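Basis for what follows: all heavy atoms, side chains included, without hydrogens, waters or symmetry-related copies. Residue numbers count from 1 along this sequence. These numbers were taken from a predicted model, which means no experiment stands behind them.
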Amino acid sequence: MTKITQILILTSCIISGCGGSDSKGGEPIVEQNNNNPVCGIRAIPEGANCLKFEGRDNLVFGDTSHNYKGLILTLHGAPGYMAKVAGIFDAPMLAQKGYLVIIPDGNGSAWEWDSSTNTNTSDDTHYISDLIDYAHANYTIEGEKARIFGYSAGGFMAYTLACQIPEKLNGIVALAGQFRGDFNACTTSTAVAIHHLHSPSDTDVPINGRASGKIASVENTINHWLAINGCAPQFEQTNHPGVTTSSSGTVTNTWQNCASPVASSKLFSVPHESDYLADKLYLIYQQSMALE
């Protein structure tokens, strides 16, 4: 099947008759037919297009002809790739529910994202901030913000974004990836919704964190956002089904009286690399992310 690849032209047209812009943001978008399309170095999944923006490829599940309930950006792990995280969170399912889903490619480094939070705003934060602005300028999306869904190293980056551009976020879902860096550099007082999902069985990114890479524990990560979001110490506990076929279940703690929700889900018997059941994940984070 022929796919449509969207390419954002970042340089000015120098050929007469280049034509006007279809983009609300002012830069022209050219749609090209390609019988063997790739995005990054991998084939484009069914139902997706490829958007080149500021030198990077992005998978897009959606188009400019629809109205969307919100914007979701999903961030892959390290090593990882766009189509993999599209599968973990089931980007087509999210698109069917009415959300525009954009999946940016990482920066190619060992961590894939500038996710060690310090006093400097990272290049990847600038990139994702620009991508959010671009999406709202060129697609019809309710509101002006984005939800960030990150897996593993993408979860690290989700917390960096919650520190550095919280005013652009509705919330973050972090699966098997907690805060990384210096909590003292995350001085924001702007609340965003947080839902963290992690397994005590995870040995790749331990739930208690690790010194290598400055990965904080899940407990310290959640405590930091309980303070930012002004939550009470009391929480409500809910049992959910397992997020893999072999998991024995999930227990979610949702803290009370928060300015924006804070929830943490413990995934039992779930290795870091798993065949996650995206529909079960969705049912767990749906409420905290205010999704329909």
Side-chain angles (χ1 to χ4, degrees), residues 72 74-75 77 88-89 94 117 147-163 166 169-181 183 186 188-210 215-272 274 276-292:
I72 296 173
T74 67
L75 310 181
I88 289 173
F89 290 108
L94 296 173
T117 303
R147 296 169 177 87
I148 307 295
F149 292 4
Y151 165 66
S152 191
F156 304 153
M157 188 63 204
Y159 281 110
T160 297
L161 296 171
C163 288
L169 306 183
N170 301 107
I172 69 166
V173 172
L175 173 61
Q178 54 266 53
F179 178 88
R180 177 173 172 252
F183 281 118
C186 183
T188 181
S189 59
T190 301
V192 298
I194 303 289
H195 200 129
H196 191 97
L197 303 100
H198 217 119
S199 176
S201 304
D202 192 331
T203 56
D204 293 353
V205 181
I207 199 167
N208 292 323
R210 66 169 189 246
I215 301 172
S217 68
V218 171
E219 181 180 6
N220 288 345
T221 299
I222 292 299
N223 284 341
H224 190 73
W225 266 272
L226 290 176
I228 292 172
N229 290 11
C231 303
Q234 295 80 21
F235 57 83
E236 178 181 322
Q237 194 165 87
T238 307
N239 293 319
H240 296 285
V243 299
T244 67
T245 56
S246 59
S247 172
S248 57
T250 304
V251 173
T252 298
N253 293 339
T254 304
W255 277 264
Q256 303 299 297
N257 302 321
C258 301
S260 290
V262 176
S264 180
S265 296
K266 189 173 291 186
L267 316 176
F268 293 104
S269 305
V270 179
H272 189 78
S274 291
Y276 293 97
L277 302 173
D279 58 336
K280 299 297 189 293
L281 290 171
Y282 184 87
L283 290 174
I284 294 170
Y285 64 69
Q286 178 181 7
Q287 183 174 358
S288 54
M289 291 296 108
L291 299 172
E292 295 180 7

Point to revise | pair Val192-Ser260: side-chain heavy atoms closer than 4.5 Å | key: no
Practice item. Report yes if the side chains of Tyr159 and Ile194 come closer than 4.5 Å at any heavy-atom pair, otherwise no. Key: yes
Review point. Heavy-atom distance under 4.5 Å between the side chains of Trp255 and Ser264, does that happen here?
Key: yes
Review point. How many angstroms lie between atom CZ of Arg180 and atom OG1 of Thr117, to the nearest 0.5 angstrom?
Key: 8.5 Å
Review point. Does anything in residues 279-292 pair up under side-chain hydrogen bond (donor to acceptor under 3.5 Å, both in side chains), and if so which pairs, sequence neighbours excluded?
Key: Lys69-Glu292, His195-Ser288
Exercise for review: For Ile88 and Leu281, work out which heavy atoms get closest and say how close.
Suggested key: O-CD1, 3.8 Å
Check your understanding: Are more than 12 heavy atoms from other residues, nucleotides or ligands located less than 6.0 Å from atom CD of Gln256?
Key -> yes
Revision key, fill the gap. So NE2 of His196 and CG of Leu175: to nearest 0.5 Å the spacing works out to 8.0 Å
Revision key, fill the gap. For residues 242-263, the salt bridge (charged side-chain N to carboxylate O under 4.0 Å, His left out) pairs (sequence neighbours left out) are none
Review point. So, Gln178 side chain and Ala216 main chain: donor-acceptor pair closer than 3.5 Å or not?
Key: yes
Check your understanding: Would you call the rings of Tyr276 and Tyr151 parallel, tilted or perpendicular, where under 30° means parallel and over 60° means perpendicular?
Key -> perpendicular
Exercise for review: Look up atom CZ in Arg210 and atom CD1 in Ile215, then write down how far apart they are to the nearest 0.5 Å.
Suggested key: 3.5 Å
Check your understanding: After noting the C-alpha distance and the side-chain angles of Ile72 and Phe89, does the key distance pass the side-chain contact (heavy atoms from CB on, under 4.5 Å) rule?
Key -> CA-CA 11 Å; Ile72 296 173; Phe89 290 108; over 6 Å; no
Practice item. Would you name the heavy atoms of Thr250 and Pro241 that are closest together and state the gap between them? Key: OG1-O, 2.9 Å
In a table with atom names and distances, give each donor-acceptor pair under 3.5 Å that connects a side chain of residues 199-206 to protein atoms at least two apart or in another chain.
residue	atom	partner	partner atom	Å
Ser199	OG	Ser201	N	3.0
Ser199	OG	Leu267	O	2.7
Ser199	OG	Val270	N	3.4
Ser199	OG	Val270	O	3.0
Asp202	OD1	Asp204	N	2.9
Asp202	OD1	Val205	N	2.8
Asp202	OD1	His272	ND1	3.3
Asp202	OD2	His272	ND1	2.6

Practice item. Rounded to the nearest 0.5 Å, what's the gap from CE on Met157 to CD1 on Ile148? Could you check? Key: 8.5 Å
Point to revise | Ser269: partners by side chain to side chain contact (heavy atoms under 4.5 Å, CB included), with sequence neighbours left out | key: Ser248
Check your understanding: Going from OG on Ser247 to NE2 on His240, what distance comes out if it is rounded to the nearest 0.5 angstrom?
Key -> 12.0 Å
Exercise for review: Quick one: closest heavy-atom pair of Ala162 and Thr188, and the distance?
Suggested key: O-CG2, 3.9 Å
Check your understanding: Taking atom OG1 of Thr221 and atom CG of Leu226, what is their separation to the nearest 0.5 Å?
Key -> 10.5 Å
**Study point:** side chain to side chain donor-acceptor pair (under 3.5 Å) partners for Asn208, two or more places apart
**Key:** none
Point to revise | Asn170 vs Met289, side-chain contact (heavy atoms from CB on, under 4.5 Å): CA-CA, chis, key distance, verdict | key: CA-CA 7 Å; Asn170 301 107; Met289 291 296 108; over 6 Å; no
Exercise for review: Provide the closest heavy-atom pair for Leu75 versus Ala158 in the form atom of the first, atom of the second, distance.
Suggested key: CD1-N, 4.2 Å
Point to revise | ring pair (Phe, Tyr, Trp, His ring centres under 6.0 Å) against Phe183, all qualifying residues, sequence neighbours excluded | key: Phe179, His224
Review point. Hey, are the side chains of Leu291 and Arg147 touching, using non-hydrogen atoms and a 4.5 Å cut-off?
Key: yes
Study note, to complete from the structure: Between Gly242 and Leu277, the two heavy atoms sitting closest are O-CD1, 4.2 Å
Point to revise | Asn229 to Pro261 - nearest heavy-atom pair and separation | key: ND2-O, 3.8 Å
Review point. Is any side-chain heavy atom of Pro271 closer than 4.5 Å to a side-chain heavy atom of Ser274?
Key: yes
